[in-house]
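Residue numbers start from 1 in every chain, and the chains themselves are labelled A, B, ... in the order their sequence lines are given, proteins ahead of strands.
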Protein chains: 2
Amino acid sequence: MNKKVTLKSIAKELDVSISTVSKALKDSPEISKDTKQKIKAFAKFYNYKPNNIALSLKNRKTKTLGIIIPEIVHHFFTTVIKGIEQVANDEGYNVIVCLSNNSFDKEVINMEILANGSTDGFIMSVAKETQQKKDYHHLVETINQGMPVVMFDRMIPEINCDKVIIDDKKGARQAVQFLIDKGAKKVALLTTVDYVSVGKLRTTGYLECLESNDLPIDESLILKIEDMDHYAEKIEEFLKQTSCDSIFAVNEHFAVEAIRALRTQGKSVPEDVSVIAFTDGELSKHFIPSLTTINQKGLEMGATAAKLLIDKLERPEDEKELYQTVILETSLIERESTK
Amino acid sequence: MNKKVTLKSIAKELDVSISTVSKALKDSPEISKDTKQKIKAFAKFYNYKPNNIALSLKNRKTKTLGIIIPEIVHHFFTTVIKGIEQVANDEGYNVIVCLSNNSFDKEVINMEILANGSTDGFIMSVAKETQQKKDYHHLVETINQGMPVVMFDRMIPEINCDKVIIDDKKGARQAVQFLIDKGAKKVALLTTVDYVSVGKLRTTGYLECLESNDLPIDESLILKIEDMDHYAEKIEEFLKQTSCDSIFAVNEHFAVEAIRALRTQGKSVPEDVSVIAFTDGELSKHFIPSLTTINQKGLEMGATAAKLLIDKLERPEDEKELYQTVILETSLIERESTK
DNA sequence: TTGTACGCGTTATCAG
DNA sequence: CTGATAACGCGTACAA
């Protein structure tokens, strides 16, 4: 078991000073060709690599980005991570991932730990509980300490930082308009409760679109789902009591359960009812019928967030105070669940 | 923007020495009650937290685990990450995630970077390309440097380290036996090429099970899929040319595409053909019909791997040479795709 | 009871 | 051309 080789150990072995070794390895013109060669050969042979931790301490930069997300077993979030990782790697950054599990406390703890030297900045989507509590002290504090934060998807408008979101409202309008253009008169909405920011926006988009098409807003066509525990039952119950010609679901899971419920009622998709959903995930692609969706652009979102963060990190101190919000356009992917 | 507060800055402010501050904050009995109180109050007010990087450098421990996986947009891997994260957090460790994208080069680079001080050890599933090339120098080197490595799922038998795997062969036998018990005579196999270790094991399990049931092995019932790019077409083509009464697929994507292909041929699942798959993911649960699967136990796998690694990290030097391989039992989850 | 000195691994500056 | 020294932030043995 060959222990780690350091500048010091090389210096001792070759009987020169540490700084000579350091300079030689950096090809400093101060050092003679001979010694450089000798040192380089030795270092290469013993596979010397500088210690990141020591460098971080010295440079006050870790070259790693902290990602905090509510949940990782979730196609959208993994896509975002992939997007972040790609640009981060290209720029020489690493990525450290923490999960809040939608818990406020865990979000706070994770941020505090990472903020103490482990990362240069954060990319995050806030926990549901945080949005509910409206307690943002941890966010404000880390930003005030000079740590840049980029929020994506579930973000907090009041907080001063860069943001990357999709145009949820517009995407929802796009979806509903698509249904209406196909002749829909009674569009049902399967959504989340209002304190989830994206759920609320998509709901608003739905309402706006009905309005601009002079269609009545029928509260009995709207189902707001509180938690993800028994949503299937709730959707089934709901669809028994309502008759609609099409459904707009704010995520693919709601859509899939709706299709299942319809099928047990003897209705088929898209013949009797069209279904469109937000979030273009694995389910949407492979389900039968495959789902017409609004693409949430996870990859692009991650990439953009990473670019924003790295940009800020590598900018001189005084130019850091300008925050921007990037709004990604959604796109509609037509598949089999609509006609 | 209040810059980071350090021991030094507190010391200067309070006009005491750095070590006094350090001791006071650690409640050392050496320090008088008065100064302790004063220092603690001050530190709390300015929200002092020790710098992780400095601690890492000093303790030669980072308290973070490196995870290297081939792909993150994949339900199984995210489940494993979740499992790792849970026990890691409980034990005071953080988790840094790197993706190899199944590329050998990226795997090597990621390992080298993280091995230089960024992590205390690794949990990994090796890239497909690495399994193909059979070049394991990076693994051997980091292990020789005293960095513990735990492999899961796609592992390399020749490498000396802890491993967590499921009993792929047994799981496959379990699946095929289940079909046979239901009366299957002609079981088709949808699998990957042999250099993917888990694919090969599942294939072997399939063959063994047929044999022990005195069923003939019919090569025309076996499809080995090279890459994930056009697998749907290949499966469709394959199923056109073969007639079987049931299908065992080594992952849920193959299974789903098989069902789709069967349906276009006018066959229905499970009435005409039963389908069973490895990997219990989102698709399996929500697909119609939902899939009977062999559960790959991602959560458990991650948790076990993390426990093994942390155990090794916190064990004294001399006890580290014993490596163990934990084999997790699979379980069969019966759903709608078999009868 | 408090402070000094040293070391973790690195680099930059300055002296020889 | 080479080497000594200080500094990044922290903890601790030892000295005062």
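For B/S19 and C/dT4, a side-chain-to-base donor-acceptor distance below 3.5 Å is present, hydrogens and geometry of angles not being considered. Looking at A/S17, its side chain has no donor and acceptor atom pair within 3.5 Å of the base of D/dA4.
With B/N110 contributing its side chain and B/L99 its backbone, the two residues share a donor-acceptor pair below 3.5 Å. Looking at A/S9, its side chain never comes within 3.5 Å of a backbone N or O of A/V5 through a donor-acceptor pair. The main-chain N or O of B/E300 is found under 3.5 Å from a side-chain atom of B/T304 such that the two form a donor-acceptor pair. Between the A/K49 side chain and the B/I113 main chain, no donor and acceptor come within less than 3.5 Å of each other.
The distance from atom CD of B/E30 to atom C1' of D/dC14 is 10 Å, rounded to the nearest whole Å. For the pair B/I31 CD1 and D/dG11 P, the interatomic distance rounds to 13 Å; values are reported in whole Å. One atom, CG of B/L25, and another, P of D/dG9, lie 16 Å apart when rounded to the nearest Å. Rounded to an integer number of Å, the gap from NZ of B/K26 to C1' of D/dC10 is 9 Å. Note: NZ (A/K63) to C1' (C/dT10) measures 17 Å, nearest angstrom. Whole-Å rounding puts the B/I39 CD1 to D/dG11 P distance at 13 Å. Taking atom CD1 of residue A/I10 and atom C1' of nucleotide C/dT11, one finds them 15 Å apart after rounding to whole Å. In this entry the distance linking CG of A/N116 with C1' of D/dC8 reads 16 Å, nearest Å.
Residue B/S22 is classed as a base contact, given a heavy-atom separation below 4.0 Å to a base. At a threshold of 4.0 angstrom between heavy atoms, the contacts of A/L7 include nucleobase atoms, whether or not backbone atoms are also involved.
Contact of the A/V326 side chain with the A/M301 side chain is not registered, since no non-hydrogen atoms from C-beta on lie closer than 4.5 Å. Between A/I69 and A/V80 the shortest side-chain heavy-atom distance does not fall below 4.5 Å. Under the 4.5 Å side-chain criterion, counting only non-hydrogen atoms from C-beta, A/L25 is in contact with A/I39.
Phosphate contact (OP1/OP2 of C/dG3, side-chain N/O of B/T20, threshold under 4.0 Å): present.
In terms of position on DNA chain C, the residue among A/K8 and B/K36 whose nearest nucleotide sits closer to the 5' end is B/K36.
Taken residue by residue, residues 42-62 of chain B places heavy atoms nearer than 4.0 Å to DNA chain C at B/L57, B/K58, B/R60.
Using a cutoff of 4.0 Å between basic side-chain nitrogens and carboxylate oxygens, B/K82 and A/E71 are scored as salt-bridged. Comment: A/E141 does not engage B/K4 in a salt bridge, judged by the lack of any side-chain N to carboxylate O separation of less than 4.0 angstrom.
For A/K23, whose side chain is taken as the heavy atoms from C-beta onward, the closest listed nucleotide among D/dA4, C/dT10, D/dG9 is D/dA4.
In summary, of the residues considered (A/R154, A/E129, A/Q132), a side-chain hydrogen bond (donor to acceptor under 3.5 Å, both in side chains) with A/N102 occurs for A/R154 alone.
Between the axis at the start and the axis at the end of the helix from C/dT1-D/dA16 to C/dG16-D/dC1 there is an angle of 70°, using five pairs per end and rounding to 10 degrees.
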